[in-house]
**Student:** 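Supplied in structure tokens, the structure appears directly below.
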2 protein chains.
Amino acid sequence: MTSITRGFATIQQRDLVNQIADMLTEALLKGDFAPGVHLAEAQLARDFGVSRAPVREAARLLESRGMLVSQPRRGFFVRTFNDAELDDVYDLRLCLERHAIRLLAGKLTPDMEAALSDQLESMRRVARDGTGVQQIEEDVAFHRMLCEFSGNQRLVRVFDELCHEMRFCILLIGQLYDDPVRVADTHEPIIEALRTRDPDACEAALDYHIGIAQQRVVEMFRERETS
Amino acid sequence: MTSITRGFATIQQRDLVNQIADMLTEALLKGDFAPGVHLAEAQLARDFGVSRAPVREAARLLESRGMLVSQPRRGFFVRTFNDAELDDVYDLRLCLERHAIRLLAGKLTPDMEAALSDQLESMRRVARDGTGVQQIEEDVAFHRMLCEFSGNQRLVRVFDELCHEMRFCILLIGQLYDDPVRVADTHEPIIEALRTRDPDACEAALDYHIGIAQQRVVEMFRERETS
DNA sequence: CGACTGTCGAGTGTCGACAGTTTGAGAATT
DNA sequence: AATTCTCAAACTGTCGACACTCGACAGTCG
């Protein structure tokens, strides 16, 4: 458990694996590695100034999150997406959130409602003067809250996994929101529907919202792919 | 990377990690390790006659499947379940399969219908003269087929993860089906509903079926827990 | 000219070792 | 007797090294 200084970052005590995983994730989301490219363990280990063991474990972690894939005896590669896979991810996300919001509709407390409103407010704030990454994070946080408040922790875990993949796709596309304020506003109807406590109304509001998001992402993804 | 033994038969091309993971899985499902118990890497490595490295990786794999949990600097422990977690798993499973069967209702082909019927037949066969484990596997295979035929591969992946956890719970309970033939028969209405191609009818049939299964598992789990 | 074979470098799979941490039992103290 | 302290054993995190495999390239033979 040595402390290593290399370049900018000072890696210390806390589990190397998680730190490496975080750094790799960041690098992937920044687009430092092209999709499909091979990640050599030894090279990464040199870059991070550590041995191959923690790099391997970090890579396995990212593999379980669907950001890397591995082939026996060949190592790790940056995950690639195609249209169908992206569709699957959004379809599954819709499935989860629908279920979550229906559960939530039956148990919404004033606290939850307030938390969601607060989150919407944060979203509007960064929509005005935040970075693209911040906007996405606030957006994700709102939807994650829906899942959390549903009460099903297992569902939240799957949602988180999907989020990793969605972020990956989205930042692979580049700029997403041309009008972030308007995007933030489209979350308002969801909160309103929840206030009615009517599961069907909630589902409809959610469907509409996610439908737009999906359409936009898939469309931009296709454009990028054919270029 | 060892042993190319025994003529042509066993070329151990597959790496140690997967083999160890399989063996560990089997041991866990056989109940060789009590829930919550600590798994020492070095001990396992000695037992398997390998070094700690592949054992660690296998353990990480099982962790990502939800069968083990890890604590920093303390190692791996056999996953424990409580009522709430079991409820969450079944709730999520229902959510996935509902979605899958609705998708499937709109695209069912004769081939798919035949495959499902065949699977039901297998289920009935092992219900008469198969082991408990076989019965569970055939049952799972039927439901997995529903997910596969939905066309969403990502959904299948999550379903598989959930299955690992359900198997774990079920075999932790012990005997599950008191009348396996009757259990197999309860899948018939699902196929019939699919034939009508009506999503609502399909969902209803599925809800009924899974509801019974869940009720039974949860009930037995609670009994066992209080004993 | 094309197909096959041998060789070489790069990279993964696995191992044994070391260092720091956690745990639990027993000694020491209140 | 209960509690705290001490310390050694057991264990995890990390490292560097070696063996084996895969793919590329060049040379050989038809």
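Below, read A as the first sequence line, B as the second, and so on, with proteins coming before strands; counting in each chain starts at 1.
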**Student:** Expressed as a whole number of angstroms, how long is the span from A:Leu16:CG to D:dT14:C1'?
**Tutor:** 7 Å
**Student:** NA contact type, A:Leu44, heavy-atom cut-off 4.0 Å: base, sugar-phosphate, or nothing?
**Tutor:**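 Counting heavy atoms under 4.0 Å across all strands, no contact is made by A:Leu44.
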**Student:** What is the distance, to the nearest angstrom, from the CD atom on A:Glu57 to the P atom on D:dG13?
**Tutor:**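 Checked: the CD to P distance equals 7 Å.
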**Student:** If you compare every side-chain N and O of B:His38 against the phosphate oxygens of D:dT12 (OP1, OP2), does one of them come in below 4.0 Å?
**Tutor:**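 For B:His38, the contact criterion (side-chain N or O under 4.0 Å from OP1 or OP2 of D:dT12) is met.
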**Student:** Nearest to the side chain of B:Ser51 - D:dT12, C:dT22, C:dT14?
**Tutor:**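 Of the candidates, C:dT14 comes closest.
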**Student:** With respect to the side chain of A:Val17, which nucleotide from D:dC15, D:dG13, D:dT14 is positioned closest?
**Tutor:** D:dT14
**Student:** Roughly, in whole Å, what's the span from CZ in B:Phe77 to C1' in D:dC11?
**Tutor:**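 Interatomic distance, CZ of B:Phe77 to C1' of D:dC11: 11 Å.
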**Student:** Is the closest side-chain heavy-atom distance between B:Asp88 and A:Leu155 below 4.5 Å?
**Tutor:**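 Side-chain contact under 4.5 Å: no.
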**Student:** Rounded off to whole Å, could you give me the CD-to-P distance for the B:Gln71 and D:dC11 pair?
**Tutor:** 16 Å
**Student:** Output the rounded distance in Å from CD (B:Glu41) to P (C:dT14).
**Tutor:**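 The distance from CD of B:Glu41 to P of C:dT14 comes to 15 Å, rounded to the nearest Å.
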**Student:** Calculate the interatomic distance between B:Leu39 atom CG and D:dA10 atom P; express it in whole Å.
**Tutor:**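 Atom CG in B:Leu39 sits about 18 Å away from atom P in D:dA10.
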**Student:** Using OP1 and OP2 only, check whether a side-chain N or O of A:Arg73 sits under 4.0 Å from D:dC20.
**Tutor:** no
**Student:** Strictly distance-based, threshold 3.5 Å: is any side-chain N or O of B:Gln214 a donor or acceptor partner for the main-chain N or O of B:Gly211?
**Tutor:** no
**Student:** Starting from P on D:dG13, measure out to CZ on B:Phe76 and report it in whole angstrom.
**Tutor:**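 Rounded to the whole Å, the gap is 7 Å.
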**Student:** Are A:His187 and A:Asp139 linked by a side-chain donor-acceptor pair shorter than 3.5 Å?
**Tutor:**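 A donor-acceptor contact under 3.5 Å links the two side chains.
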**Student:** Of A:Pro72 and A:Arg52, whose closest DNA chain D nucleotide lies nearer the 5' terminus?
**Tutor:** A:Arg52
**Student:** Between the side chain of A:Gln43 and the main-chain N/O of A:Ala40, is any donor-acceptor distance below 3.5 Å?
**Tutor:** no
**Student:** How are the rings of B:Phe81 and B:Phe221 set relative to one another: parallel (under 30°), tilted (30 to 60°) or perpendicular (over 60°)?
**Tutor:** perpendicular
**Student:** Distance check needed: D:dT12 C1' versus B:Arg46 CZ, whole Å only.
**Tutor:**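 Going from CZ in B:Arg46 over to C1' in D:dT12 covers 13 Å.
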**Student:** Can you check whether A:Arg56 has a side-chain N or O nearer than 4.0 Å to OP1 or OP2 of C:dG13?
**Tutor:**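 Checking A:Arg56 against C:dG13: at least one side-chain N or O falls below 4.0 Å of OP1 or OP2.
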**Student:** Looking across every strand, which nucleic acid part, if any, lies under 4.0 Å from B:Arg74 by heavy atom: base, sugar-phosphate, or nothing?
**Tutor:** sugar-phosphate
